[in-house]
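These notes concern the structure reproduced below.
The structure presented is a predicted model; accordingly, all values stated were derived computationally and were not measured. Note on naming: letters A, B, ... go to the chains in the order of the sequence lines (proteins, then strands), and numbering restarts at 1 for each one. Worth knowing before you read on, the calculation uses all heavy atoms, side chains too, and leaves out hydrogens, waters and symmetry mates.
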Number of protein chains: 2
Amino acid sequence: MLTERQLLVLQVIIDEFIQTAQPVGSRSISKKDEVTFSSATIRNEMADLEEMGLIEKTHSSSGRVPSEKGYRFYVDHLLSPSRLSNKEIRSIQETFRDQMLEFERVVQKSAGILSDLTNYTSIILGPEVFETKLKQLQIVPLTHQTAVAILVTNTGHVEHRAFTIPQEIEAYDLEKMVNILNDRLYGVPLVQLHEKIFNEVGDLLKTHTRNYEQAFQYLQAALLNEQPAKLYVGGKTNILMQPEFKDLEKVRSLYAMMEKENEIVHLLRSEHPGIHVKIGHENEVDAMQDCSLITASYALGDDQIGTIALLGPTRMEYNRVIKLMNVLSSEMTDTFKSWYQGE
Amino acid sequence: MLTERQLLVLQVIIDEFIQTAQPVGSRSISKKDEVTFSSATIRNEMADLEEMGLIEKTHSSSGRVPSEKGYRFYVDHLLSPSRLSNKEIRSIQETFRDQMLEFERVVQKSAGILSDLTNYTSIILGPEVFETKLKQLQIVPLTHQTAVAILVTNTGHVEHRAFTIPQEIEAYDLEKMVNILNDRLYGVPLVQLHEKIFNEVGDLLKTHTRNYEQAFQYLQAALLNEQPAKLYVGGKTNILMQPEFKDLEKVRSLYAMMEKENEIVHLLRSEHPGIHVKIGHENEVDAMQDCSLITASYALGDDQIGTIALLGPTRMEYNRVIKLMNVLSSEMTDTFKSWYQGE
DNA sequence: TGTTAGCACTCTTGTCTGTTGAGTGCTAAA
DNA sequence: TTTAGCACTCAACAGACAAGAGTGCTAACA
């Protein structure tokens, strides 16, 4: 167990290092107002803290730097809930004040705000599209052989896809099919769409449409095939500003990782609701072993959950950032609730 | 005017430097098969070439490096049309073989291909959306107070926006308005939409809709306000691989520039049709003064023109890249033509 | 017994110096 | 006109050295 004084020293070291990114020496600690004892005493305490694995030296006579274990302890026990400045609160609220409400836009904006306020990279994962419900399906013919299929969900999400109509199929058949589908599938969650179509609507379609199989196949390829589980990233370049990433190789591997959207989606999707902090090697992804990843969840409607995440160096302003993400995620949840409650 | 031999030396220097990114010395030139004279002779020629400003030294006793003027000369006079490998040709063609044809997707894919094949950063600018024609307008109500407005163009482009419906306006009014608009505005180019509405359709709307002004205002804000002139970027991280960008500061300013989409759109939009090469300081943008920008245009339909661009270090594989962009841009033009000709 | 002053020690960082090697310019001979 | 030869230049690297920051340890002090 740590003494009161050790806690204080650890806190000062981490706070200082988060600010400056420089190893913290005993002298500079003893000069702090809240510290009343001499640098020699602090050196002793620091030796103990190091023995416990909470701090490290970069070389034998350097100041101390928090270890991952140190950050972990800090996050678990030392976090003082920080106040956000008025300006920060205002920026967040303004994002949601906008009367134009569209999921994509708001999320995109949120990602921007989050990265701007923190100078880290924000990643927001939209909720599983398939859990949203079908509002409307539609085909807009463009030429004789081409058309656009459009699908609107109850969240205002619009999925669209242009496609070629093969010779054998009349645009009219498609239209008819879409009418039937619209009639029968209104309000059906996208996940159940396949099933519903085969079990309940299939027969109906067959009797009303020529070339049912083909036409349907095309429609399916156009719209129902793919759930792009969108990722919204903000402040990708903020990483370049962090002194820990002056090494190009690190930047490269981190950027390479961010290109792999699938992996990130998978990573974020697997998080449980609530705020989570993963520090350094707690992250399984190789490229992120010098980073911390903070995730929080927001709700869209009743049980559709999305994730907001913030990626920065392990030397992160944890208390500010966590507060910020708390505010943002609940603001998002509230906003989305207000949109869809009148449904 | 340059002698035959000077041309050869210049060519070798530039080719070599493009490959290795290292200053080229007289000895290494003389060892080339196509070069038959001694290093001393070459040194004399090089002195002349330097006097003409076509090559430079990095320090007083270094090998030579092409100057911007040298690259310019190379591009204008020394470019040998290169053959593309079968693999390259195949990658390009596969992009367009896909039966799913949607402008956004194809362009996105093209950007990917282009950056993959070149290891530079590709930027593709979609054509001015406003020059496309209205195919269909639609409102899909989500809740009592919210709805999605959808606009489809003849190019298969889908623009959508969710918005709140104010208390005073009935969803029914909007629907009615949309029906009228659809009827009257089919085939109208988006640029003329405003004008047409005010001159020809306005009266009609007023007589048929309550709260015309407000409803219309909302509709306009939702859809007609903004043309997002989309930018598709591929291989942003390729820049990091180039040795000339081991300096983080350069990377930073370049990335910062690429975030400013408006500027880039403006930059690319101002290019005339055809292939253009801007080398180093020929670019007006500060962050690009160490880069070359190659632009080519493609046509979408008759007079709607988009731009594809490739951003890399001034030390670029000009002949391969130019060939590649030629092929790609004409492939794009052909493909789009085939889509929309049946209209 | 806990705290602190003092001192020797360690390691980084920056500067300076000398060496090496690649490459040049010039000159004189072929 | 071309080329061999040579003196010269400069970047890059390595080693030496001083300065400075910071530590650990010891002995004295409260």
Tell me the interatomic distance from Arg64(B), atom CZ, to dG23(C), atom P, rounded to whole angstroms. 12 Å

When the distance from CG of Leu49(A) to C1' of dT23(D) is rounded to whole Å, what number comes out? 15 Å

Charged N-O contact under 4.0 Å between Glu259(A) and Lys236(B): no

Assign each of Gly63(B) and Ala40(B) the nucleotide of DNA chain C bearing its closest heavy atom; nearer the 5' end lies the nucleotide of Gly63(B)

Is there, by distance only and without an angle test, a donor paired with an acceptor across the side chain of Ser61(A) and the base of dT10(C) below 3.5 Å? yes

Rounded to whole angstroms, how far apart are CD on Glu50(A) and P on dG24(D)? 7 Å

N-O pairing of Arg5(B) and Glu45(B) below 4.0 Å: yes

Below 4.0 angstrom from OP1 or OP2 of dT23(D), is there any side-chain N or O of Ser26(A)? yes

Is Ser60(B) close enough to dC10(D) that one of its side-chain N or O atoms is under 4.0 Å from OP1 or OP2 there? yes

Is the closest basic N to carboxylate O distance between Arg315(A) and Glu244(A) below 4.0 Å? yes

note: Asp48(B), atom CG; dG25(C), atom C1'; distance rounded to Å ~ 13 Å

With sugar-phosphate meaning primed atoms plus P, OP1 and OP2, does Thr41(A) contact a base, only sugar-phosphate, or nothing at under 4.0 Å between heavy atoms? base

Parallel, tilted or perpendicular: which describes the rings of His272(A) and His276(A), with under 30° parallel and over 60° perpendicular? perpendicular

Rounding to a whole Å, what distance do you find between Ile29(B):CD1 and dA22(C):P? 16 Å

Spacing of Lys57(A) atom NZ relative to dT10(C) atom C1', expressed in whole Å: 9 Å

For dG23(C) and Ser62(B) - does any side-chain N or O of the residue sit under 4.0 Å from the phosphate oxygens OP1/OP2? no

Residue pair Asp15(B) / Gln11(B), side-chain donor-acceptor N/O under 3.5 Å: yes

Rounded to whole Å, how long is the line connecting atom NE2 of His59(B) with atom P of dC13(D)? 12 Å

Is it the case that the base of dG21(C) and the side chain of Arg27(B) share a donor-acceptor contact (distance under 3.5 Å, atom types as modelled)? no

Without decimals, in angstroms, what is the distance between Glu45(B) CD and dT24(C) P? 13 Å

Which sits closer to the 5' end of DNA chain D, Phe37(B) or Arg43(A), going by the nucleotide each is nearest to? Phe37(B)

